[in-house]
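FYI, side chains are in, hydrogens and waters are out, and symmetry mates aren't considered; it's all heavy atoms of this structure. It should be emphasised that the depicted structure is a prediction, and the values quoted were computed from it without experimental measurement.
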Amino acid sequence: MPIVQLPDGKELTYKNSVTGLEIAKDISISLSKKALALQIDGEYKDLDTEIVKDSKIKIITLEDEYALELLRHDAAHVCAMAVQELFPGTQVTIGPVIENGFYYDFAREEPFTDNDLIKIEKKMIEIVDRNDKTTREVWDRKKAINHFKNMGEHYKAEIIDSIPGNEDISIYFHGSWHDLCRGPHLPSIGRIGKSFKLMKVAGAYWRGDSNNIMLQRIYGTCWKTKKDLDEYLHNLEEAEKRDHRKLGKTMDLFHFQEESPGAVFWHQKGWALFQTLVDFMRQKQLEAGYQEVNTPEIIDRVLWEKSGHWEKFQEYMYTTSTPDERTFAIKPMNCPGHCQIYNQGLKSYKDLPLKLSEFGKVHRYEPSGSLHGLMRVRSFTQDDAHIFCTEDQITEESVKVTKLILDIYKAFGFENITLKYADRPAKRVGDDSVWDQSEKALLEAIKASKVDYTINKGEGAFYGPKIEFVLRDAIGRDWQCGTLQVDLNLPGRLDATYVDKDGKKKTPVMLHRALFGSLERFTGILIEHYAGKLPLWLSPVQVAILPINDEHHDYAKEILNQLEKISIRPMIDLRNEKINYKIREHSVGKIPILMICGSKEVQNKTITLRRLGQEAQQTESLEKIISSLSKESQAPKI
RNA sequence: GCCCCCUUAGCUCAUUUGGUAGAGCAAUUGAUUUGUAAUCAAUAGGUGAUCUGUUCGAAUCAGAUAGGGGGCACCA
């Protein structure tokens, strides 16, 4: 006699076991038509799941957020069905739901072409129209493995083999097609509707391991309505316009060229932006008690061997040998250098925490496939620092770093910053007891910072656990920017010591931290974040002075002069062009403020101001504008 | 590094099956002296990424190399 409780608290009593669909019918015919799945005691199940005992249930319809996941999961199945109908012999592997859609990985000798994608999409629509009913069966493990092996589905057989013994092997049927799957699924496949689209084909390693074979991954997007799909596609198009590589070119900020892959040629305007960021950080770090230093670009490999970098990263380091037959590495990191500075002279516990910072340009021979505009380069500038401290100081210093990073990010208006806590990786240096200690300390620090975070298992640095501060680019890709790492290994390896209260020499802890991380990457993120419309203080050209005709040139030059005196970055457009033309060109060029001067302005000693993205004009006295701009162009206070 | 795709004028892009390349913007020159998102005209601009092959003939077909794009893997 199961009693089922509905979300509104109402209870229904049944004599025998009952399915979700039957309950939905009892509530209302319209609900039964909309019903997609079932939530039983918080767990999502198929709509035809038999309920045998008292439980809290909820009928899932398109209105529930979870419906989107169901739709996308089913869409992945439909994609696999379509592929197998069109390309017999293709093996299926996995097809999970991801943000905005799904993907499915296939094993097939021949590559899928863009044309195939169109065919597959058409076939998917056919399958949706067929609207096969979905049924679920639980199979014996051995039977399932043999069954899929006999079908030639070796990857599926392998997956079943790796499912923990206490879990059911559930097989879902959509008509005659079937797949191993955890479920739940829609009652029939046609319920996914037609608001989906296959987006791209890509390679992906079987089980995410680069030692394995490469599969072909088909990415798709799927939505509840056509309107949602169109909106998603439209937003994607808009986001692509914000691509920093595109804006970098049109805004004349930087370029790349094939003679130096992954290295930035900064143009004057891009460099001005870069330098503004450096100035900003320098100021913030001085306020936070850091001492800025500078260390050599090229250091003997002996030091890198000592630090452990050589063993782990040798193939990703640029090296150079000199006529005296020494091998040097071009620094990929600043930490060993900072340790050398720390090691000069005896340090006392009273010196700690000692914070050394550097805008250090580092070089890493990153895999060619990983290069990506400014986001991933082979030569970049870190706003790096190392805090030498005692174990007791780890938490306090870490909390300070976390706050500093978050405050700085907020100054740029970043809303969704993701924090990830990454613990010990497989390949690492140091004893596990030391790792236990440093992981505990960092976890304590992140908890004390009272911020949300996720766990990134096994993704720490080789010398210690880390917190990653992750920002998103225009099209939703995540990039690690800031980082904080607790290191109980390198100071010992690099002979750093301090004299403690008891007169004994001890090894300090080193906190590695970067705020922006890579200045190059952060600049890229910023360009996309602002869609190129940089705030006044960051804009390489802050003001364009546009005289109406050549009678106004002298006055325009006078304005230029006055702006330069208060360290505004102005430009003047003396070309013989119409004012409309000049306004358009400098608006497209994303200059925040246009100053128009004609006869009226010359006569009254005023300026007419027009701001980027606005049509409104504002006429003020030259004096007043100068003083207000001087304030407005300051870096934000944090 | 791996899979797939791309590379044509300074920029954005055409040239449908092989018959030696076009447009818009930008540039240059001239005219125009202009009041809030493109004034008009003329001129110039290309070893079609690079190399090698197939062919009577290659931007177009094949191969290699380089760079780039989308993913995967990597990311001190």
Ignoring hydrogens and angles, answer whether the base of rG1(B) and the side-chain atoms of Glu315(A) contain a donor-acceptor pair closer than 3.5 Å.
->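 Counting by modelled atom types and ignoring angles, no donor-acceptor contact under 3.5 Å is found here.
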Quick one: the side chain of Asp550(A) and the base of rU33(B), do they pair up donor-acceptor inside 3.5 Å?
-> yes
Pairs where [range] contributes a residue and the test salt bridge (Lys or Arg N to Asp or Glu O under 4.0 Å) is met, not counting sequence neighbours:
{"range": "residues 300-309 of chain A", "answer": "Asp300(A)-Arg326(A), Arg301(A)-Glu305(A), Lys306(A)-Asp495(A)"}
{"range": "residues 510-519 of chain A", "answer": "none"}
{"range": "residues 367-380 of chain A", "answer": "Glu366(A)-Arg376(A)"}

Going 5' to 3' through nucleotides 68-76 of chain B and flagging B where a protein heavy-atom sits under 4.0 Å of the base, S where only the sugar-phosphate is that close, and - otherwise, we get -SBBBBBBB
Contact state string [nucleotides 5-11 of chain B, B base, S sugar-phosphate only, - no protein heavy atom under 4.0 Å] = ------S
At under 4.0 Å between heavy atoms, what does Glu577(A) touch on the DNA or RNA strands: base, sugar-phosphate, or nothing?
-> base
What nucleic acid atoms does Glu601(A) come within less than 4.0 Å of, heavy atoms only: base, sugar-phosphate, or nothing?
->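 Contact class for Glu601(A): base.
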Sequence neighbours excluded, the answer for side chain to side chain donor-acceptor pair (under 3.5 Å) partners of Lys605(A) is Glu558(A)
Please name all residues satisfying side chain to side chain donor-acceptor pair (under 3.5 Å) with Glu121(A), sequence neighbours left out, ordered by chain then number.
->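 With sequence neighbours excluded, Glu121(A) shows a side chain to side chain donor-acceptor pair (under 3.5 Å) to no residue whatsoever.
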Pairs satisfying side chain to side chain donor-acceptor pair (under 3.5 Å), at least one member in residues 518-528 of chain A, at least two apart |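 Output for this query lists His244(A)-Glu528(A), Thr381(A)-Glu520(A).
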For Tyr232(A), check ring pair (Phe, Tyr, Trp, His ring centres under 6.0 Å) against everything at least two apart and list the hits.
->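 Tyr232(A): ring pair (Phe, Tyr, Trp, His ring centres under 6.0 Å) contacts with Trp223(A).
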Residue set satisfying ring pair (Phe, Tyr, Trp, His ring centres under 6.0 Å) with Phe106(A), at least two apart, ordered chain then number -> Tyr104(A), Phe112(A)
Please test Tyr453(A) against Thr402(A) for side chain to side chain contact (heavy atoms under 4.5 Å, CB included), starting from the C-alpha separation and ending with a verdict.
-> CA-CA 12 Å; Tyr453(A) 64 93; Thr402(A) 306; over 6 Å; no
Donor-acceptor side-chain pairing of Glu358(A) and His338(A) below 3.5 angstrom |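 Yes.
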Go through RNA chain B and write down every stem, that is, every run of at least three consecutive Watson-Crick or G-U wobble pairs with distances under 3.5 Å, as range with range.
->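 Runs of three or more consecutive pairs: B:1-7 with B:66-72, B:10-13 with B:22-25, B:27-31 with B:39-43, B:49-53 with B:61-65.
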Sort me out a list of protein N/O and nucleotides 24-26 of chain B N/O pairs below 3.5 Å, or just none if empty.
| unit_1 | atom_1 | unit_2 | atom_2 | d |
| --- | --- | --- | --- | --- |
| rA26(B) | OP1 | Tyr581(A) | OH | 3.0 |

Rounded distance (Å) that lies between atom P of rU50(B) and atom CD of Gln257(A) |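 So the two atoms are 16 Å apart, to the nearest Å.
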Ile525(A) side, atom CD1; Tyr530(A) side, atom OH - distance, nearest 0.5 Å =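 One finds 12.5 Å between CD1 of Ile525(A) and OH of Tyr530(A).
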Rounding to the closest angstrom, what is the interatomic distance between rA27(B) and rU50(B) at atom P?
-> 27 Å
